Asks: 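Got a structure for you, questions after.
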2 protein chains.
Amino acid sequence: MPRNRRPQNREEKRDEIVAAATELFTGTGYDETPMTAIAAAAGVATNTIYWYFKDKDALLVAVLDRVLAEALADAGTRTDEPWSDQLLWAVERLERYSRLVTVVHARTAISPVIDAWHADFHRLAEDMLAGGFRSAGVPEESLRASIQIGVFVIEGLLLHPGSAESRREVIDLLAHPGGDRRHPPGDRTRTRSGG
Amino acid sequence: MPRNRRPQNREEKRDEIVAAATELFTGTGYDETPMTAIAAAAGVATNTIYWYFKDKDALLVAVLDRVLAEALADAGTRTDEPWSDQLLWAVERLERYSRLVTVVHARTAISPVIDAWHADFHRLAEDMLAGGFRSAGVPEESLRASIQIGVFVIEGLLLHPGSAESRREVIDLLAHPGGDRRHPPGDRTRTRSGG
DNA sequence: ACCTGAACACCGTTCAAGT
DNA sequence: ACCTGAACACCGTTCAAGT
């Protein structure tokens, strides 16, 4: 009996469970998918899931990690595009996970693992936004607030999926708060300064 | 037997149930409070709640209506203050309901009543923000996007309660996106807008 | 180590029965 | 019309028992 056959199967079966949970959590919803459904989709007995994961929240964390890693890998190929295009792409890329966004917020209040993941994710998002805003010329004094607004706007767009047009409008305004540097929808002068 | 004694008691008991649910939903959480706890707090049998409300979601809607009506009544006394102060006040006033905000988002996907309430609420918030942004001199062309950003930022502040300082920063930047009209960091005196 | 059938505790909701 | 005790269906999790 080879020593390392089991461990390999273990990885595979774990992945199958996470894959099934990802599909069900994003498509049907976390509260709406019983553990029995995940088990059935993965082809194991319900309680087998508890061999691989402490509880349903731990499984959710595995799903979140998986989904985030994929998205980051995709994003890696786009770092040379303009700032607002990257933002727009990220929002559209993540929109399919809007149910995960809401459930993370809902469970943050009660599940320490989800809370920790949520905090980590915010740190990551803030770091990425900091780079973008700096490159867009946002002054250092308003950088922190701009980042916060950026995070909230992105979350908002994910939570309330709307038309492509309004998405573009919102991202443009977010990425170039001064009003300049905008790609002209039909060129226009910007109305700045108090009056 | 007086004809109208019963209806009066009915109102009262309904109110007691809603009051108990409000306290428990905001303090403990929606998913975390069983119907039995609400019934116990209101002094009725569990299934009596179902005489007054179709189901738990309908009770949640009653809670939301109650809480929103109170907040709007409070807000009515503040309409003469400057725009960004009103915004800040609203956020701080609503912060105690952050658990309601998350549960509304979570249940919007599955409960038609909650979905309808949520849509109504967004319309209301957008109307109020439209007035504020217009008075702050936001140009008509970027008004729609500004309103959306405003809604997202307010929701974000409610979902992620932070320090008073960062709250103020974010609201200031949101209310005066041009960058002018801001109170200088050291100085506490407010530059009254409009002039 | 890995997997399972059966049971447990809990919860939203319903029902038949009372006044 | 209003209220209730008891039951039902469902779900996350655990346990004792298997390999």
Side-chain angles (χ1 to χ4, degrees), chain A residues 1-18 20-21 24-25 27-63 99 103-104 106-107 109-114, chain B residues 1-18 20-21 24-25 27-63 99 103-104 106-107 109-114:
Chain A
M1 313 158 201
R3 263 256 186 80
N4 55 355
R5 209 186 60 214
R6 275 302 189 183
Q8 186 167 339
N9 284 346
R10 175 177 170 85
E11 278 294 305
E12 277 169 26
K13 193 159 274 185
R14 207 194 110 107
D15 275 0
E16 271 170 52
I17 295 173
V18 176
L24 288 163
F25 287 171
T28 310
Y30 177 85
D31 283 324
E32 292 72 30
T33 62
M35 295 297 267
T36 54
I38 301 166
V44 297
T46 302
N47 18 11
T48 297
I49 298 178
Y50 289 89
W51 180 257
Y52 293 89
F53 302 95
K54 184 188 179 302
D55 54 21
K56 203 181 180 185
D57 282 316
L59 178 54
L60 176 56
V61 169
V63 167
R99 303 203 76 150
V103 79
V104 164
R107 299 205 65 77
I110 37 177
S111 163
V113 258
I114 304 292
Chain B
M1 316 159 197
R3 264 259 184 81
N4 54 355
R5 209 187 60 213
R6 273 303 188 182
Q8 188 165 338
N9 283 348
R10 174 175 172 85
E11 278 294 306
E12 277 168 26
K13 192 157 276 187
R14 205 196 110 106
D15 276 359
E16 272 170 51
I17 295 173
V18 176
L24 289 163
F25 286 172
T28 311
Y30 177 86
D31 283 324
E32 292 73 30
T33 61
M35 297 295 270
T36 54
I38 302 166
V44 298
T46 302
N47 19 11
T48 298
I49 298 177
Y50 288 89
W51 180 258
Y52 293 89
F53 302 95
K54 186 187 177 303
D55 54 20
K56 205 181 179 185
D57 282 316
L59 177 55
L60 175 56
V61 168
V63 167
R99 303 201 76 148
V103 78
V104 164
R107 300 205 64 76
I110 38 177
S111 162
V113 258
I114 304 292

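Naming: A, B, ... by sequence-line order, numbering from 1 per chain. Because the structure is predicted, anything quoted here is derived from the model rather than measured.
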Asks: Could you check how far CH2 of W51(B) sits from P of dG12(C), rounded to whole Å?
Replies: 21 Å

Asks: In whole angstrom, what separates K13(A)'s NZ from dC3(C)'s C1'?
Replies: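 These atoms are roughly 8 Å apart.
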
Asks: Tell me: CG of D31(B) to C1' of dC11(D), nearest whole Å?
Replies: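 Atom CG in D31(B) sits about 13 Å away from atom C1' in dC11(D).
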
Asks: What distance do L60(A) atom CG and R107(A) atom CZ have between them, rounded to the nearest 0.5 Å?
Replies: 8.0 Å

Asks: Quickly work out the K56(A) NZ to dG12(D) P distance and round it to whole Å.
Replies: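 For the pair K56(A) NZ and dG12(D) P, the rounded distance is 4 Å.
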
Asks: Measuring from the side chain of V44(B) (C-beta onward, heavy atoms only), which nucleotide among dT4(D), dT13(D), dA1(D) has the closest atom?
Replies: dT4(D)

Asks: Y50(B) has a side chain; which of dG12(D), dT13(C), dT4(C) sits nearest to it?
Replies: dT13(C)

Asks: Taking the side chain of P34(B) as its heavy atoms from C-beta onward, which of dT14(C), dG12(D), dC11(C) lies nearest to it?
Replies: dC11(C)

Asks: Rounded to the nearest 0.5 Å, what separates atom CZ in R99(A) from atom CD1 in I110(B)?
Replies: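 Nearest 0.5 Å value for the CZ-CD1 distance: 6.5 Å.
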
Asks: To the nearest Å, give me how far apart CZ (F25(B)) and P (dG12(C)) are.
Replies: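 For the pair F25(B) CZ and dG12(C) P, the rounded distance is 9 Å.
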
Asks: For L59(A) and dC11(D), give me the distance from atom CG to atom C1', rounded to whole Å.
Replies: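 Between C1' of dC11(D) and CG of L59(A): 15 Å.
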
Asks: Do F25(B) and I38(B) touch side chain to side chain, with heavy atoms closer than 4.5 Å?
Replies: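 Contact flag for F25(B)/I38(B) side chains = yes.
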
Asks: Return the value, rounded to whole Å, for the distance between atom CD1 of I49(B) and atom C1' of dC2(D).
Replies: 15 Å

Asks: Counting only side-chain nitrogens and oxygens, does Y52(B) get under 4.0 Å of the OP1 or OP2 atom of dC3(D)?
Replies: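 Yes.
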
Asks: Counting heavy atoms from C-beta on, name the nucleotide in dT13(C), dC3(C), dC11(C) closest to the side chain of T48(A).
Replies: dC3(C)

Asks: With sugar-phosphate meaning primed atoms plus P, OP1 and OP2, does F53(A) contact a base, only sugar-phosphate, or nothing at under 4.0 Å between heavy atoms?
Replies: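 If one applies the 4.0 Å heavy-atom cut-off, F53(A) turns out to touch nothing in the nucleic acid.
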
Asks: Given dT13(D), dT4(C), dT4(D), identify the nucleotide with an atom nearest to the side chain of D55(A).
Replies: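 So the nucleotide nearest the side chain must be dT13(D).
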
Asks: Between CG of D57(B) and CD1 of I114(B), what distance do you get to the nearest 0.5 Å?
Replies: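 Answer for the CG-CD1 pair, D57(B) versus I114(B), is 4.5 Å.
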
Asks: Look through every strand shown and name the nucleotide pairing with dG18(C) as Watson-Crick or G-U wobble, where both distances are under 3.5 Å.
Replies: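 Partner of dG18(C): dC2(D).
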
Asks: Test the K56(B)-Y30(B) pair against the cation-pi criterion, namely NZ or CZ under 6.0 angstrom from the six-membered ring centroid and within 45° of the ring axis.
Replies: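 Ring-cation test returns yes.
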
Asks: Rounded to whole angstroms, how far apart are CZ on R14(A) and P on dA1(C)?
Replies: 17 Å

Asks: Please name the nucleotide paired to dT13(C) by Watson-Crick or G-U wobble geometry with both distances under 3.5 Å, or report none.
Replies: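 The answer is dA7(D), by the H-bond criterion.
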
